[in-house]
**Student:** 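There's a structure below that I have some questions on.
Residue numbers count from 1 along this sequence. What you see below is based on every heavy atom in this structure, not just the backbone, and it leaves out hydrogens, waters and symmetry mates.
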Amino acid sequence: MDPTLEDYLQPSSVREIKLSAFTDKIVVSWSYPEKNKLKISSFLLERESDGQKKSLGFFETDVSSYEDKDFTFGQTYKYRIFAVNKKGIYSDPVENMIAAKKLPEIERLNYQITPDGVLLSWNLQNEAQFSDDSEHKDSDSLMFNIYRISATKEKIKKGSTDKSFFLDEMSSSMFKSYALTFLTYFVTPYVSTESTYIEGQGTEITIPLEEFIPSEPQEIFWTVNENGVYISWREVPEKWIKAYRIYRMSERGFVLIGESLIPLFFDPDYKRLDNQEINLKYKITVVGPAFETQGVVIDVR
């Protein structure tokens, strides 16, 4: 096909270039209008530091990111990207720069089991030095990412905060996996702007599930009529329990007769008929993430 005048026109520039610095790499990412990709053949990425320019290579049009692992903390890097059309004509460059700087490290990462979930708290090394740094004093504020590490070692982001604490709220669905024996959290510091992101060294903490200890049921009430035995109790404060279990005394001791997700249970097997006297014992326990409580015994007469 013969070339057209459009083939010799300068291609449109990349929309934006974003930079993210981690402890082991700087990730360069960019976007380009899909409708214009047919008019170009590649992207050219360059890097500049201390006045030294380096080509990082040409990339196919379906590529939109690059990991630069050849960097030094304390250096500022400028990245420049061009769109190149099929006639070798370059677009205007789009630039962005980032300071590959170490952030304060997290120390003394602690946890507390609460009725709502896990409350994490921490301190920082060299926090005062970072706060006095003129580069960050009036611009970027230090933030924190909180991740939970899955059984497959996947980092699942639970949230971010500018505080030195974070509550990971939980429900009973969190502990559906009976193979789970502990929780692992990973907390990292970061600073960000609209087009740059720096994430520092993270700190990990492991929490055994045995430390999730549910409360015992309280204020238990019961009533018996011709339909059966109704038992209710005050809901325990822990939102992460799996269930309540109800046992009834038999010749073989306490036998499990049911589970409930709410503080209410109905036993239809025993009814009061014609002023009949009954003497029953029930036990109500709470099932936590790792174990079941000893339970509370009640006499029903």
**Student:** Test your reading of the model: is there a side-chain donor-acceptor pair from S91 to the backbone of A83, 3.5 Å cut-off?
**Tutor:** yes
**Student:** Just wondering, more than 12 heavy atoms not from E219 lying within 6.0 Å of its CD?
**Tutor:** yes
**Student:** Can you confirm whether K157 is buried at NZ, in the sense that more than 12 heavy atoms of other residues, nucleotides or ligands lie under 6.0 Å from that atom?
**Tutor:** yes
**Student:** Can you check side chain to side chain donor-acceptor pair (under 3.5 Å) on T184 and E204, steps first, answer last?
**Tutor:** CA-CA 7 Å; T184 301; E204 188 175 285; 5.1 Å; no
**Student:** Answer yes or no: is there a donor N or O on one side and an acceptor on the other, between the side chain of S150 and the main chain of E154, under 3.5 Å?
**Tutor:** yes
**Student:** Kindly indicate, with the supporting measurements, whether the criterion side chain to side chain donor-acceptor pair (under 3.5 Å) is fulfilled by E211 and Y111.
**Tutor:** CA-CA 11 Å; E211 299 198 19; Y111 66 89; 2.8 Å; yes
**Student:** Taking only Lys NZ, Arg NE, NH1 and NH2, and the carboxylate oxygens of Asp or Glu, determine whether R47 and D68 approach each other closer than 4.0 Å.
**Tutor:** yes
**Student:** Mark yes or no for whether E95, through its side chain, and Y79, through its backbone, hold a donor-acceptor pair below 3.5 Å.
**Tutor:** no
**Student:** When rounded to the nearest 0.5 angstrom, what distance separates CG in D116 from OG in S171?
**Tutor:** 11.5 Å
**Student:** Counting distance only, does the side-chain N/O of K37 pair as donor-acceptor with the main-chain N or O of T61 below 3.5 Å?
**Tutor:** yes
**Student:** Whether the side chain of W222 engages the backbone of I298 through a donor-acceptor N/O pair (distance < 3.5 Å, no angle test) should be reported.
**Tutor:** no
**Student:** For Y230 and N225, which I'm curious about, is there any donor-acceptor pair between the side chains at under 3.5 Å?
**Tutor:** no
**Student:** Taking K54 first and then D70, would you say they form a salt bridge - that is, a charged N and a carboxylate O separated by under 4.0 Å?
**Tutor:** yes
**Student:** Would you call E46-K53 a salt bridge at under 4.0 Å N-O?
**Tutor:** no
**Student:** Run the numbers on Y244 and T285 for side chain to side chain contact (heavy atoms under 4.5 Å, CB included), then give the verdict.
**Tutor:** CA-CA 6 Å; Y244 300 99; T285 68; over 6 Å; no
**Student:** Does the side chain of Q201 come under 3.5 Å of the side chain of T23 through a donor N or O and an acceptor N or O?
**Tutor:** no
**Student:** Any chance you could measure S31, atom OG, to E16, atom CD, to the nearest 0.5 Å?
**Tutor:** 4.5 Å
**Student:** State whether the side chain of N96 and the backbone N or O of S195 hold a donor-acceptor pair below 3.5 Å, judged by distance alone.
**Tutor:** yes
**Student:** Do the two ring centres, one from F144 and one from W122, sit under 6.0 Å apart?
**Tutor:** yes
**Student:** Once ring-ring contact (aromatic ring centres under 6.0 Å, His included) is applied, do any residues pair with Y90, and if so which ones, sequence neighbours excluded?
**Tutor:** F82
**Student:** Counting only heavy atoms not in F291, do more than 12 fall under 6.0 Å of its CZ?
**Tutor:** yes
**Student:** Go through the steps to decide whether E199 and Y197 satisfy the test side chain to side chain donor-acceptor pair (under 3.5 Å), and finish with yes or no.
**Tutor:** CA-CA 7 Å; E199 186 171 51; Y197 174 87; 3.2 Å; yes
**Student:** For V84, is there any backbone N or O sitting under 3.5 Å from a side-chain donor or acceptor partner on S41?
**Tutor:** yes
**Student:** Do you see a donor-acceptor pair shorter than 3.5 Å between the side chains of S12 and N36?
**Tutor:** yes
**Student:** Whether the side chain of N110 engages the backbone of R108 through a donor-acceptor N/O pair (distance < 3.5 Å, no angle test) should be reported.
**Tutor:** yes
**Student:** Within the distance-only criterion (no hydrogens, no angle test), does the side chain of K86 pair as donor or acceptor with the backbone N or O of L38 below 3.5 angstrom?
**Tutor:** yes
**Student:** Give the ring-plane orientation class for Y32 versus F43, where under 30° counts as parallel, over 60° as perpendicular and anything between as tilted.
**Tutor:** perpendicular
**Student:** Do side-chain atoms of E238 reach the backbone of S215 as a donor and acceptor pair under 3.5 angstrom?
**Tutor:** yes
